[in-house]
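Data first, discussion second: the structure below is written as structure tokens.
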There are 2 protein chains.
Amino acid sequence: MNSSTEEDYLKAIYMLSAQHSSGVSTSAIAERMETKASSVTDMLKKLSEKGFINYVKYQGVTLQQKGSDVAIKVIRKHRLWEVFLCTKLNFTWDEIHEVAEQLEHITSVKLVDSLDQFLGYPKVDPHGDPIPDKNGNFHKIKEVALRDLKVGEKAVLIGVREDSREFLKYLESIKLLLGSKMEVLNKFEFDESVLIKVNGGNEIMLSSLVCKNLSVTYDKNKK
Amino acid sequence: MNSSTEEDYLKAIYMLSAQHSSGVSTSAIAERMETKASSVTDMLKKLSEKGFINYVKYQGVTLQQKGSDVAIKVIRKHRLWEVFLCTKLNFTWDEIHEVAEQLEHITSVKLVDSLDQFLGYPKVDPHGDPIPDKNGNFHKIKEVALRDLKVGEKAVLIGVREDSREFLKYLESIKLLLGSKMEVLNKFEFDESVLIKVNGGNEIMLSSLVCKNLSVTYDKNKK
DNA sequence: ATACATATTTAGGCTTGTCTAAAAATATAT
DNA sequence: ATATATTTTTAGACAAGCCTAAATATGTAT
């Protein structure tokens with residue numbers, strides 16, 4: 001019934017939706033799933049027929065409630081198992097993902113909830129990503145405007161306060177996406193612009209206006 | 001590569017081999033796997049080509065070393081997970097099997113060995129069945145001759161000391177198989193015969209000679 | 001607006017593991 | 001020893017997921 005392949009697709013679509021806000025493209029899914037676009041098309045038809053997604057040919061994909069529920073449950077399981085592997089079995093950061101990728105497909109509601117309890121109802125996984133509770137609700141994380149960060153602080157982009165078409169276009173052009181990690185390298189008082197490093201890579205200067213409109217949360221990620 | 005279906009077949013064959021000593025029949029496997037005999041035949045051909053089993057048409061099946069290794073690893077995982085579910089997540093007896101049936105197919109050597117350590121290297125699972133160690137060796141269990149049991153004691157048949165063709169035939173005819181559970185109901189001194197109840201069902205009178213040749217181990221199973 | 005490039009879908013095939021129905025081998029009973 | 005019953009295998013099909021190659025849409029640049 002609930003094939004783990006379908007779950008993987010729904011999870012991928014969920015993850016990608018969070019970043020692109022419009023429909024998710026076939027090729028984006030293909031890249032993430034490490035498969036061919038034609039295979040994705042096949043699967044999208046199936047998921048659409050089963051009521052998991054909204055799919056219109058050539059138009060990309062959005063999740064239906066039902067699909068989102070499945071994705072969130074899988075993410076919950078994945079992240080709880082990661083906590084288990086790290087805190088109970090002493091796995092290191094780089095070892096947990098691969099195994100959790102398998103464990104996330106075990107189907108037993110009782111197992112997940114018992115594990116959650118056993119682990120002490122953790123709110124975030126070892127990467128700092130939030131773990132949805134048994135009702136699928138994510139723990140609210142502290143939201144801060146980028147301009148309020150101090151030099152040297154690290155954060156993750158979690159939202160935009162002004163979402164005009166142009167602004168989003170702009171963000172996309174400079175590769176600032178939801179989930180992007182950033183570090184404040186310098187703040188210039190005279191015009192309130194900020195220099196940041198994105199995802200440990202290139203450095204970008206952001207204007208006062210932009211900084212005001214970016215919501216971030218502190219990145220507790222130790223890595 | 002290592003499809004979980006193949007693992008399930010090898011495990012089934014392993015379990016059935018332990019009881020029948022001769023080759024395992026297609027229909028026995030089909031029954032255990034809850035599938036059709038024709039499907040089993042297909043799979044046996046594949047497993048044979050891959051060197052997991054010895055398969056001769058119409059003659060039944062035995063495991064090759066390679067197949068036995070796979071089966072034992074799966075059994076090790078299954079039983080360790082059962083311990084985990086019982087002792088750490090407070091699952092009850094009847095709930096563990098189904099979930100362990102899924103968990104046993106997770107492929108990560110490090111996971112299994114870490115779990116083993118985390119659980120304190122248990123020697124038996126919650127059903128009292130032995131857990132092979134990481135080298136595939138089963139913990140040696142205390143072997144006793146049936147005639148040395150006292151009235152009221154319970155045991156499991158683990159071997160025969162005399163394995164003539166007729167003796168094995170006899171055991172099969174009275175449904176005394178390896179793994180059969182028995183309880184000593186009465187012992188008759190005058191001819192050293194023993195009355196036992198088999199698998200909680202029918203009662204059988206065993207002669208002195210038979211008792212001397214049956215190896216059992218005490219049944220610590222609380223059920 | 002047209003031509004080119006890119007993204008997406010379709011068509012047809014492959015593998016794994018399953019099934020049913022029919023054929024072949026083995027086992028059993030007289 | 002022969003007929004009957006049972007077990008096992010073969011043949012042919014199907015669904016899920018994947019692939020390659022070709023066709024079709026969409027996007028972009030002039």
Side-chain angles (χ1 to χ4, degrees), chain A residues 1-13 16-17 19-20 22-62 67 70 74 101-102 105 107 165 168-169 172-173, chain B residues 1-13 16-17 19-20 22-62 67 70 74 101-102 104-105 107 165 169 172-173:
Chain A
M1 318 271 107
N2 207 357
S3 119
S4 89
T5 308
E6 284 181 5
E7 289 186 350
D8 282 332
Y9 273 93
L10 291 170
K11 190 175 67 153
I13 296 168
L16 293 166
S17 307
Q19 290 170 7
H20 284 288
S22 55
V24 177
S25 74
T26 300
S27 52
I29 299 169
E31 188 184 10
R32 187 162 186 119
M33 296 286 298
E34 295 183 315
T35 185
K36 300 294 154 133
S38 55
S39 307
V40 174
T41 301
D42 287 349
M43 182 57 85
L44 294 184
K45 284 185 202 159
K46 277 176 216 162
L47 292 174
S48 175
E49 270 164 28
K50 293 187 181 180
F52 288 114
I53 60 173
N54 303 109
Y55 170 58
V56 184
K57 271 191 198 178
Y58 297 101
Q59 299 303 127
V61 164
T62 56
V70 170
V74 173
E101 205 65 20
Q102 296 180 63
H105 298 297
T107 57
R165 193 93 189 78
L168 295 175
K169 274 270 185 198
E172 232 169 316
S173 72
Chain B
M1 322 268 108
N2 206 356
S3 118
S4 91
T5 308
E6 283 181 4
E7 290 185 350
D8 282 332
Y9 273 92
L10 291 170
K11 189 176 68 154
I13 296 168
L16 293 166
S17 307
Q19 288 170 6
H20 284 286
S22 55
V24 177
S25 74
T26 300
S27 52
I29 298 169
E31 188 184 8
R32 189 167 183 114
M33 296 285 299
E34 295 183 315
T35 185
K36 300 294 154 125
S38 54
S39 307
V40 174
T41 301
D42 288 348
M43 182 57 85
L44 294 183
K45 285 186 203 157
K46 278 176 216 162
L47 292 174
S48 176
E49 272 165 28
K50 293 188 182 179
F52 288 114
I53 61 173
N54 303 110
Y55 169 59
V56 184
K57 272 191 198 180
Y58 297 101
Q59 298 302 127
V61 164
T62 55
V70 170
V74 173
E101 204 65 21
Q102 297 179 61
E104 72 187 8
H105 298 298
T107 57
R165 191 93 189 82
K169 274 270 184 200
E172 233 171 314
S173 72

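None of these values were measured; they are calculated from a predicted model.
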Rounded interatomic separation in angstrom, taking NZ from B/K36 and C1' from C/dA21: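 So the NZ-C1' distance, B/K36 to C/dA21, works out to 12 Å.
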From A/Y55 OH over to A/K46 NZ, what is the distance, rounded to the nearest 0.5 angstrom?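 If we round to the nearest 0.5 Å, A/Y55:OH and A/K46:NZ are 12.5 Å apart.
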Per-pair distances, 0.1 Å, donor-acceptor, side chain in residues 24-41 of chain A, under 3.5 Å, sequence neighbours excluded:
from: A/S25; atom 1: OG; to: A/S27; atom 2: OG; distance (Å): 3.3
from: A/S25; atom 1: OG; to: A/A28; atom 2: N; distance (Å): 3.1
from: A/T41; atom 1: OG1; to: A/A37; atom 2: O; distance (Å): 3.2

For every nucleotide of nucleotides 1-16 of chain D, 5' to 3': is a protein heavy atom under 4.0 Å from its base (B), only from its sugar-phosphate (S), or from neither (-)? -------BBB-----S
List for me each residue that meets side-chain contact (heavy atoms from CB on, under 4.5 Å) alongside A/T107, sequence neighbours excluded, and say none if there are none.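 So A/T107 forms a side-chain contact (heavy atoms from CB on, under 4.5 Å) with B/Q102.
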Can you check whether B/L16 reaches B/V61 side chain to side chain, under 4.5 Å on heavy atoms?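 No; the side chains remain at least 4.5 Å from each other.
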Is any side-chain heavy atom of A/Q59 closer than 4.5 Å to a side-chain heavy atom of A/N54?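 With C-beta onward as the side chain, the pair stays apart.
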